[in-house]
Novice: 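First the structure, which I've put down as structure tokens, then a few questions once you've had a look.
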Amino acid sequence: MIAGTATGTATVPGQRLTPPPPEVRGRTRIAGRVVAKIACLAAEEVPEVLRVRPTGTSRSPGAEVRGEQAMVHLDVNVAYPSPLRAVGARLRQHVIARVAAQTGLNVTRLDVTITDFGGDLP
């Protein structure tokens with residue numbers, strides 16, 4: 001028997017028929033370090049890229065997120081011999097697309113610094 005009822009049954013409040021609109025349900029915030037991690041993993045998918053590190057300050061290590069926009073900063077090692085401009089262009093295009101697809105954020109700035117040029121192509 002359930003406490004507070006004489007018959008052993010309980011009354012359940014009515015279910016909401018329609019969920020509330022998204023703007024009143026809450027917000028999802030994506031931290032800069034998460035955006036930086038996604039950007040690094042995306043950069044490593046470019047075949048000529050050997051190593052990637054996020055760069056930035058202790059407050060924003062590798063990426064800053066403001067509203068729906070992200071600014072990303074990466075240090076990249078590229079294999080020799082690779083056409084640097086072409087690799088840089090592909091890397092930028094790929095990272096921007098992957099960050100947008102996985103986070104919904106618009107990458108408004110992507111700084112790529114090629115810090116080393118050596119090693120063999122994978």
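Below, each value reflects all heavy atoms present in this structure, side chains not excepted, and no hydrogens, waters or symmetry copies.
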Novice: If I take atom CG from residue Leu105 and atom CZ from residue Arg66, how far apart are they, to the nearest 0.5 angstrom?
Specialist: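 Answer for the CG-CZ pair, Leu105 versus Arg66, is 13.0 Å.
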Novice: Sequence neighbours left out, what pairs pass side-chain hydrogen bond (donor to acceptor under 3.5 Å, both in side chains) with at least one residue falling in residues 26-44?
Specialist: none
Novice: Heavy atoms, side chains only, cut-off 4.5 Å: are Gln102 and Ile38 in contact?
Specialist: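 With C-beta onward as the side chain, the pair touches.
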Novice: For the CD atom on Glu45, are there more than 12 heavy atoms of other groups (residues, nucleotides or ligands in this structure) within a distance under 6.0 Å?
Specialist: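 For Glu45, atom CD is crowded (more than 12 foreign heavy atoms under 6.0 Å).
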Novice: Under a 4.0 Å threshold between the charged nitrogen and the carboxylate oxygen, would Arg109 count as salt-bridged to Glu64?
Specialist: no
Novice: Would a single hydrophobic cluster contain both Met71 and Val95, if residues Ile, Leu, Val, Met, Phe, Trp and Tyr are joined by side-chain heavy-atom contacts under 4.5 Å?
Specialist: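 No; Met71 is not reachable from Val95 via cluster members.
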Novice: Apply side chain to side chain contact (heavy atoms under 4.5 Å, CB included) to the pair Arg51 and Arg53, showing each step before the final yes or no.
Specialist: CA-CA 7 Å; Arg51 188 173 148 234; Arg53 267 186 326 123; 3.0 Å; yes
Novice: Could you check whether any side-chain N or O of Arg92 sits under 3.5 Å from a backbone N or O of Leu110, counting only pairs where one atom can act as donor and the other as acceptor?
Specialist: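 Flag set: sc Arg92 to bb Leu110 pair under 3.5 Å.
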Novice: Atom CG of Asp75 and atom OG1 of Thr113: how far apart are they, to the nearest 0.5 Å?
Specialist: 5.0 Å
Novice: Could you walk me through whether Ile30 and Val35 pass side chain to side chain contact (heavy atoms under 4.5 Å, CB included), step by step?
Specialist: CA-CA 7 Å; Ile30 301 170; Val35 174; 3.8 Å; yes
Novice: Could you list the donor-acceptor pairs under 3.5 angstrom formed by side chains in residues 77-90, with sequence neighbours left out?
Specialist:
{"from": "Asn77", "atom 1": "OD1", "to": "Thr115", "atom 2": "OG1", "distance (Å)": "2.8"}
{"from": "Ser82", "atom 1": "OG", "to": "Ala79", "atom 2": "O", "distance (Å)": "2.7"}
{"from": "Arg90", "atom 1": "NH2", "to": "Glu48", "atom 2": "OE1", "distance (Å)": "2.5"}
{"from": "Arg90", "atom 1": "NH2", "to": "Glu48", "atom 2": "OE2", "distance (Å)": "2.6"}

Novice: Could you see if Ile96 belongs to whatever hydrophobic cluster contains Val99? Use Ile, Leu, Val, Met, Phe, Trp, Tyr and a side-chain cutoff under 4.5 Å.
Specialist: yes
Novice: Are Leu50 and Phe117 connected, step by step, through hydrophobic side chains (Ile, Leu, Val, Met, Phe, Trp, Tyr) whose heavy atoms are closer than 4.5 Å?
Specialist: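 Leu50 and Phe117: separate clusters.
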Novice: Are the side chains of Pro61 and Pro54 in touch, meaning some heavy atoms are under 4.5 Å apart?
Specialist: no
Novice: Determine, using the 4.5 Å side-chain heavy-atom cutoff (strictly less than), whether Ile114 and Val49 are members of one ILVMFWY cluster.
Specialist: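 Yes.
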